[in-house]
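So you know, we letter chains A, B, ... as the sequences are listed, proteins then strands, and number each from 1. Just so it is clear, the structure is predicted and the values come from calculations on it, not from any experiment.
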Amino acid sequence: MMTLLLLFVPLVSALVVYLAGQKLASKVALGLAVVELAISGIALSMYLKEGPEPFYVFHEWIASPKISFHLALDGLSLLLVILTNLLIPIIILSTFHRLIPNAKSYFALILMMQFALVGVFMAMDGLLYYIFWELALIPIYFIALRWGGPNRVPVTLKFFIYTLAGSLLMLFGFIMLYWYNPQQSFDIRELYNLAISGSNQSWLFWMFFLAFAIKIPIVPFHTWQADTYREAPTQGTMLLSGIMLKMGIYSLLRWLLPIVPLGVAQWGPLAITLCVVGIMYASIIAIKQDNIKNLLAYSSLAHVGLISAGVFAINLHGFQGSVVQMLAHGINVVGLFFCADIIFNRTNTLSIDGLGGIRNLAPKFSTMFMVILLGSVALPLTNGFIGEFLLLYGVYEYNIWLSAFAGLTIILGAVYMLRMYKKVMLGNTGTRVQSFPDLYWNEFLALGIIVVLVIVMGLYPKPVLEIAEPALQLILDKTIVQ
Amino acid sequence: MGTVEHIIPLNWYIFVSTFLFCIGVMGVMFRKNGIIILMCIEIMLNAVNLLLVAFSAYSGNTDGQVFVFFIMVVAAAEVAVGLALLMSIYRNIGSTNIDVLNKLKW
Amino acid sequence: MTENVIIDPNLYFLGLLIPLFPLLGFLVNGLLGKFLPKASAGWIGSGAVLASFICVLYIFNSLGVNDVIRIDLFEWIVFSGIDISFGLSIDPLTVIMMLVVTGVGFLIHLYSIGYMHDDEGFGRFFVYLNLFIFFMLLLVMGSNFLMMFIGWEGVGLCSYLLIGFWFKNDAYNDAAQKAFVMNRIGDLGFLLAMFFILFQFGTLDFAAVERLAPSIAEHQGLITTIALLLFIGAIGKSAQLPLFTWLPDAMAGPTPVSALIHAATMVTAGIYMVVRSNVLFALSPIALNVILAVGVATSVFAAIIGLKQNDIKKVLAYSTVSQLGLMFVALGLGAFTSGIFHLVTHAFFKALLFLGAGSVIHALHGEQDIRKMGGLKKLIPITYITFLLASLAISGFPLLSGFFSKDEILAHAFQQNILIWIIISLSSLLTAFYMFRLVYLTFANSFRGTDEAKHHIHESPWTMTVPLIILCVLSVFGGLLGLPAVFHAQHWLAGYLSAVTDGSAQYLHHAEHLSHSMEIILMSIAGVGAILMILFARHQYVTKKQLPPADESLTGFEKLVANKFYVDELYERFISQPVFKMSEGFGGFVDKKILDRVVNGVGTVVDMSGKTLRLLQTGNTGFYIFAMVIGMIVIFIIRLLI
Amino acid sequence: MDQLIFYTLSALTLVSALVVVFAKSPMYSVLSLIVCFFTIAGHYILLNAQFLAITHIIVYAGAIMVLFLFVVMLLNLNKESEQHKPLKLRIAATISAGMLFLTLIASLKSTQFVSFIAPPPSDMGIVENVGQKLFTDYLLPFEISSILFLSAMIGAVVLAKRDKKR
Amino acid sequence: MYTLIYTCCLGLLCLVGEILNLRKLLIPMILAGLAAIFVVNCMEWDAAGPVIIGGMDMSHMMRVDSYSIAFSGLSIFTAMLIFALTGNFYKNEEHHLSDYLAILVFVLTGALVLFSFYNLVMLFLGIEIVSISLYVMAGSRRQDIRSNEAGFKYFLMGSFASAILLFGITLIFGATGSFELDKIAAFASSGTDSTLLHIGALLVISGMLFKVAAVPFHFWSPDVYEGSPSLVTVMMSTLVKVAFFAAFFRLMSVGLSGIHDYTSDILSLVAALTLIAGNLIALSQNNFKRLLAYSGISHAGYMLLAVLSIENEASSALWYYGAAYVLATIGAFAVAIPVFYFRNDETIDAFNGLGKKNPLQAAFLTISMLSLAGIPPLAGFLGKYYIFSEAIRSGYIWLTIVAVLASIVGIYYYFKVILAMYTKDTVEPEVKSPMLYTVVMIVCVVLSLLLGVWPGPFTNLL
């Protein structure tokens with residue numbers, strides 16, 4: 001029941017918002033998103049009381065081929081669902097005081113997106129999961145296409161086709177699994193216990209890994225990212241970077257490692273190397289970026305590289321780190337992109353050159369910006385630190401040198417982030433900065449929430465770790481090849 | 001008469017009709033006058049008929065001959081429609097040269 | 001080591017209060033600052049620190065030598081294989097550090113009220129200062145490495161914020177960023193060290209690690225790796241070679257900041273960390289030797305650079321680096337107590353020196369070049385007196401605090417390695433020389449600035465002078481903390497810290513103790529040397545009224561020294577620039593020209609092939625049929641052949 | 001005797017067919033096609049398909065070819081000296097057709113046939129046998145073909161009749 | 001059986017209606033009639049006995065089984081949708097309306113024959129009924145030279161292909177001595193290696209490949225699709241394509257299953273070529289109908305996968321795919337035809353700014369395009385999924401990979417239309433699309449959504 005509510009409330013809200021009309025759209029959307037958030041809050045309390053059982057939903061959907069409407073909510077899913085439902089209201093809140101043409105479609109699409117994302121995180125049947133996975137792509141594509149920047153058409157199309165190409169390979173992989181499965185179904189419980197030969201597993205590994213690697217993205221499959229982040233409207237970018245790429249990492253954990261352990265055993269080292277190389281590559285590129293959104297895109301590329309590395313380290317610390325960091329990164333990056341949007345909204349430019357000296361015009365803004373930024377450079381007592389500490393430790397357990405290299409991210413991260421902050425916020429007032437009104441109430445609220453989360457998660461991550469542990473333990477057991 | 005199947009091996013008939021068929025095919029590719037091409041197609045059909053009859057004669061069941069009737073039917077119908085089309089084309093472009101018909105391409 | 005953990009609710013509560021007061025001050029000033037009168041910020045800030053100083057004093061006299069107070073707040077990162085609690089612990093070493101931090105900290109707060117009173121960022125300044133004190137306390141109180149790391153990076157952040165306090169000036173911002181990044185380099189080492197420890201011992205708790213460390217004593221490689229990685233952290237934080245260049249730049253911050261963070265407390269965190277984990281270091285002779293080498297090199301190197309600096313604060317900065325080097329020498333020699341001893345005294349007189357310098361700068365309205373000073377001794381007498389005494393102390397003038405602490409280190413060096421003794425004596429002689437070069441150029445002779453400027457010079461307000469006087473007293477009598485055996489007094493500090501350092505004592509080789517006569521000889525050598533140097537400086541700058549020449553007129557070695565051996569330039573050339581080049585290369589070339597091209601290339605190829613295939617559709621019926629026939633032929637041939 | 005007839009007929013058939021293809025004027029093509037059909041009818045008779053032979057002559061020579069002639073006359077194409085395709089294409093056509101023939105023969109030459117019910121009744125081709133078959137087994141196709149005719153008829157009318165408006 | 005008869009009668013009724021001057025009533029009558037026939041067809045579902053005519057069992061000619069009934073149902077429904085479009089489409093040439101309608105009904109008849117044939121004669125006749133009627137319809141715009149061209153090209157190549165088909169049938173007859181699928185199947189599976197049969201099979205397959213427009217026998221389709229009147233294009237690309245495929249599948253699965261090994265790799269080669277060529281060439285098309293023609297070719301490639309993998313489920317996969325494809329295509333055309341009419345332009349640019357001017361139409365066209373591109377949760381996706389699944393199951397791994405890659409390419413050109421609607425602007429006024437068109441559009445889109453979300457009843461239809 002709870003599960004279905006979680007899943008379908010956004011869908012209904014999307015319709016409601018669309019019917020609510022241009023004027024009301026944003027407020028209605030916000031209200032409904034908050035409702036959804038409340039529901040997930042209730043779900044959380046239920047989970048803490050009664051564990052995952054009450055959230056289990058299983059209906060026969062299609063008889064042949066056997067596809068079942070199979071949802072479940074273990075710790076991992078729960079956390080990501082909560083992240084989604086937490087960020088969506090913030091994202092919607094961030095649109096106030098902005099002029100959004102054709103608002104009703106905009107918010108309806110955002111809520112559609114939420115629906116698909118929640119579905120992805122809860123689906124336990126391969127094809128159901130795949131359907132949600134693809135479904136999540138449509139709204140974001142249209143958001144980027146209709147409300148995006150000047151160069152949006154080719155960029156978004158590239159993004160769409162590139163990612164879809166990956167997922168079609170995944171579909172192929174799923175079909176293979178279906179026939180490998182003696183019961184012939186996509187049920188995750190059965191997929192976890194398949195006995196597939198090593199060679200086949202390595203094929204399957206690549207089919208899934210490519211799909212996820214493009215979505216996450218892992219270097220060198222990232223070329224769509226920066227452009228798309230830049231061209232998409234801010235909310236689109238937030239959705240993409242904040243939640244959508246978590247889909248990829250989540251899928252690594254849920255749908256890749258436990259299903260093809262032999263494949264992982266064979267190709268995991270390559271994958272983790274790619275991730276670590278990607279970290280340094282992206283961080284170094286980020287240093288010289290001129291466009292704030294580009295810079296954030298590359299920084300996010302570096303972060304997810306570390307997260308994926310933690311996943312492929314295949315130990316509990318890496319897993320826990322990846323989960324914590326998924327949440328942390330989701331929150332921080334949304335905050336950062338919002339800050340970028342605030343700057344753009346005031347100065348109409350995202351180019352670092354034209355900016356500067358905002359610090360003395362908007363102290364509130366710059367303080368909050370600073371806090372979030374510190375979170376993303378993983379300063380202790382911020383959420384980013386817990387994640388990166390565990391991730392690096394996980395990678396360390398996997399291989400000392402890799403973790404030493406990966407650790408460079410805490411240096412380079414400081415370099416590019418502080419450089420950006422310095423050039424944008426400090427120094428003398430930039431040419432493009434005539435007047436810079438400090439935060440409006442909605443911006444203050446949104447950023448405030450994020451700042452609080454940054455600190456709180458950094459100070460007391462225990463609940464997250466506890467909720468995630470059983471699920472991760474299970475995945476780990478399935479992944480480690482005897 | 002009527003004992004040809006004992007004197008002449010079936011392969012000869014296969015040979016002849018195949019040859020005929022291929023002549024038809026060649027004609028279709030060779031000419032660009034719509035009507036001639038139509039005729040060549042008729043030749044192809046007749047090659048088929050001949051072969052059918054030969055087969056039915058050699059295997060001694062009438063089905064083949066019956067089938068030939070249907071082929072004739074279809075041939076007649078096709079010719080009718082084909083010539084009608086040709087007429088309307090001729091009305092428009094004053095020629096039956098099919099190479100003129102390349103407005104639709106790529 | 002026999003630590004007995006005392007569970008006394010009062011002490012527990014007090015211990016908790018110590019970091020809370022500054023935090024409170026930070027929050028109050030930070031969040032409610034705009035609702036309070038501007039002046040109040042200073043008093044709130046100082047009050048907070050004073051409060052925690054009092055708590056520290058209480059704990060100080062109620063805490064036995066072997067006692068430890070453990071304050072476990074909550075489980076922080078706890079799941080399979082990892083158990084890191086958010087906890088504090090207080091033992092004698094911590095108490096000493098806390099005394100320094102809160103005590104000196106309070107004085108500097110007080111001083112800042114006067115120093116910063118007409119700065120627009122007055123409130124913000126105290127917010128940052130309180131935050132710094134909070135983190136510094138976490139650093140010294142943390143019960144495990146990760147807690148220490150919080151403080152460790154926290155103070156790094158505060159130093160970043162305070163160096164770049166006047167954020168309108170880009171040079172200052174660069175300095176701030178430089179400081180943060182260089183610290184981060186060290187932090188990475190620290191982080192990796194923690195991974196090793198966690199992996200080996202399954203815990204980061206100091207006590208536990210100290211207990212378990214001997215178990216891996218035979219794995220020299222491992223233990224050395226850990227120790228060296230930790231030391232890398234210390235290098236970054238305490239500005240040793242090769243990561244020292246940030247400290248002189250850090251002088252961009254307001255002078256009280258330089259005094260508090262970059263002289264008294266933060267930069268000594270490295271020393272504290274090494275002492276805190278002394279067992280680990282003691283287990284690895286190699287690591288100790290590395291420390292020794294780095295310390296020696298740094299102290300001399302920095303002292304030499306100090307000779308040619310003309311910015312009053314830069315001189316002090318380099319002397320700080322050199323003194324820190326000296327402390328590391330002590331640690332490297334295994335004389336952990338002496339290190340702490342020098343740390344404490346250094347905190348006194350170096351803070352005093354900076355504050356004095358601040359007072360001078362304050363009086364001269366921001367002038368920092370000693371070539372434009374001179375003759376101030378009559379204009380600002382209190383500052384002069386205190387500054388002079390501090391300089392004497394640091395130069396090792398007999399019976400002042402610096403004399404004892406330095407001498408102890410020299411003695412240890414002499415015991416173990418005569419060569420090292422020679423080198424560091426040399427560096428302390430240099431110290432004496434450049435300090436008095438500074439003193440004389442600043443205060444002696446006649447004012448070299450404009451009359452207009454001279455007209456404005458006046459002694460600082462009491463909020464500034466009082467701290468000067470107190471610190472002056474401390475730096476004169478600080479030596480009492482560790483009177484050597486010669487004076488028939490037992491070394492108090494050594495006794496007080498015995499519980500901490502005993503753990504490592506057994507692993508260190510102890511040369512036979514010096515005879516008293518030998519000690520006296522050494523002392524007198526050092527004392528006399530210092531005095532001679534001072535006189536030489538006087539001869540140079542007072543009698544001959546020599547002035548440091550303009551930078552461009554310098555040549556050869558002098559030029560090299562004046563330009564700090566071009567270390568900054570080297571880093572710029574061989575590290576920063578390559579990274580930037582790489583960044584542009586990756587971003588502009590690899591990403592756009594290769595990776596993206598490949599992806600787009602696929603699209604282009606597909607598109608082109610489509611456009612080409614399309615041409616088959618000629619629109620000619622004959623050709624279509626021809627193609628069909630060919631197709632059939634191909635099919636037949638395939639079938640015939642296969 | 002029969003052999004002789006067979007060979008001459010076959011020769012005639014092929015030659016006339018070739019003439020159809022190569023003749024300059026459509027008129028010649030039409031006439032030689034008629035010849036071709038007649039020879040094929042001859043083949044039918046040889047093969048005991050007497051009734052079929054008659055029908056063949058009626059339908060083709062009688063109906064279809066007349067239609068052809070009619071159209072040729074109507075559009076008086078016989079005057080229009082049709083210019084041939086470029087030589088290249090014609091050679092290509094010939095070659096490809098030849099190859100098709102070769103491949104077909106190559107694959108068919110080595111065929112052994114299903115055992116025949118020998119000797120076949122020599123009267124299998126006469127009306128009642130065929131009719132018998134046609135109206136029992138093949139009743140359904142017979143009916144269906146009416147639809148075909150109907151559709152073709154309407155189509156021809158729709159296409160060919162002049163619009164009143166024009 | 002009765003389905004067939006009634007449909008013929010319906011066709012005749014149209015002609016009669018013309019005579020009785022009931023033009024206004026024609027379309028309602030046809031729709032009603034088709035609905036009735038649809039019901040009849042469904043009623044035969046369980047009660048499908050042997051086909052008796054005049055007391056004679058015609059089982060050797062045609063058999064009505066669940067397969068034929070399912071496909072008949074689909075095609076009748078399709079026909080209804082298409083006829084719903086005819087009214088406004090032909091309103092300018094009323095004097096021919098009845099003829100056109102009748103011929104279209106006869107096309108349906110031929111299709112019905114194709115679904116239930118059990119004898120090569122019937123196959124041949126069915127194909128010819130459909131083809132000849134379509135030759136006519138393609139050329140039915142007599143003043144329009146393009147239409148003439150389309151008609152004549154289609155006719156020439158079509159009859160050429162029929163001749164080849166016939167030659168093949170003859171050879172098969174020569175080998176097996178019969179036209180009945182049973183006997184042929186028996187002979188084929190008896191293992192006697194007869195070249196006659198093999199060559200015949202290949203020729204027949206070539207003929208069929210032409211009809212379903214598979215490379216290299218596809219050349220006719222783009223030209224014909226582009227040249228014919230849009231409605232005929234719809235007919236060809238939906239009903240007829242499915243019909244031919246059904247027949248092809250039946251032929252391969254019943255008649256020639258015995259020599260599947262012999263034909264399979266030829267077919268898979270053709271399928272690969274079809275997938276690649278169709279998708280690649282479609283990329284550079286600007287004319288909407290031509291674009292759909294190429295996309296149709298590529299879809300033929302997908303359906304060939306089903307024809308290749310002759311398992312039980314493959315037939316239902318084919319059915320489902322056909323249904324999805326038909327719905328999407330008709331939905332698209334229901335939007336496109338009025339646009340073409342009002343903007344007098346059949347290129348993709350005709351859709352510019354539709355997103356602003358007619359948001360509803362634009363949205364529905366978008367959904368149809370997404371369904372064609374195979375994006376979940378639309379029917380097109382599940383259809384592709386089934387086809388792939390069956391192909392992989394039957395072991396055509398590399399072929400399926402080709403298909404997957406091809407479908408990636410496919411996405412691009414479907415999105416060209418969507419982009420035109422949402423990113424380009426136009427001065428043209430809003431398109432006033434007739435009520436019936438809107439209805440058809442909604443029906444199609446809703447159904448393809450339904451089929452995608454709740455495919456339960458339809459997936460294991462066969």
Hey, are the side chains of C/F199 and A/I400 touching, using non-hydrogen atoms and a 4.5 Å cut-off? no
Atom pair OG1 (A/T429) and NZ (C/K168), whose distance is rounded to the nearest 0.5 Å: 7.5 Å
For residues 454-469 of chain A, which side-chain donor-acceptor pairs fall under 3.5 Å, sequence neighbours excluded?
{"residue": "A/K462", "atom": "NZ", "partner": "A/E466", "partner atom": "OE2", "Å": "3.3"}
{"residue": "A/K462", "atom": "NZ", "partner": "C/E75", "partner atom": "OE1", "Å": "3.3"}

Looking at NZ of A/K288 and CZ of C/F586, how far apart are the two atoms once the value is rounded to the nearest 0.5 Å? 15.0 Å
Give me the atom names and distance for the closest heavy-atom approach of C/L161 to A/M370. CD2-CE, 4.3 Å
Under 4.5 Å from any heavy atom of chain A - which part of C/I84: side chain
Can you tell me how far the CG atom of A/L418 sits from the CD atom of C/Q177, to the nearest 0.5 Å? 5.0 Å
Among C/F195, C/W76, C/F149, which residue meets the ring-ring contact (aromatic ring centres under 6.0 Å, His included) test with A/F389? C/F195
With a 4.5 Å heavy-atom cut-off, do A/K158 and C/N600 have their side chains touching? yes
Quick one: pull up CE in C/M182 and CD1 in A/I411 and give me the separation to the nearest 0.5 Å. 11.0 Å
Side-chain contact test, heavy atoms from C-beta onward, threshold under 4.5 Å: evaluate it for A/Y162 versus C/V602 and give yes or no. no
Sort C/V598 into side chain, backbone, both or neither according to what part of it lies under 4.5 angstrom from a heavy atom of chain A. neither
Part of C/Y172 within contact of chain A (heavy atom distance under 4.5 Å): neither
Evaluate the side-chain proximity of C/L191 to A/Y396: yes if any heavy-atom separation is below 4.5 Å, no if none is. no
Minimum side-chain heavy-atom gap A/Y281-C/D591 below 4.5 Å: yes
For C/E153 versus A/A378, what's the shortest heavy-atom pair and its separation? OE1-O, 3.8 Å
Cationic N near anionic O, under 4.0 Å, C/D170 to A/K422: no
If we define contacts as heavy-atom pairs under 4.5 Å, which of A/V377, A/N315, A/N294 has the most with chain C? A/V377
Select, from A/L412, A/T367, A/L316, A/D227, the one with the greatest count of heavy-atom pairs under 4.5 Å involving chain C. A/L316
Check whether C/L157 gets within reach of chain A through its side chain, its backbone, both or neither, counting any heavy atom under 4.5 Å. side chain
Which answer fits A/L374, side chain, backbone, both or neither, if we ask what part of it has an atom under 4.5 Å from a heavy atom of chain C? side chain
Rounded to the nearest 0.5 Å, what separates atom CD1 in A/I285 from atom CD in C/E584? 11.5 Å
C/L595 side chain reached by A/H222 side chain, heavy atoms, under 4.5 Å: yes
Does A/L390 form a side-chain contact (heavy atoms from CB on, under 4.5 Å) with C/F79? I'd like the steps, not just the answer. CA-CA 11 Å; A/L390 291 174; C/F79 64 99; 3.8 Å; yes
Residue pair C/R184 / A/A414: nearest heavy atoms and the distance that separates them: CG-CB, 4.1 Å
Closest contact, heavy atoms only, C/S583 versus A/I284: OG-O, 2.8 Å
Need one label for C/L146: side chain, backbone, both or neither, based on atoms under 4.5 Å from any heavy atom in chain A. side chain
Heavy-atom pairs under 4.5 Å with chain C - which of A/I287, A/I386, A/V219, A/N360 has more of them than the others? A/N360
A/V415 side chain reached by C/V579 side chain, heavy atoms, under 4.5 Å: no
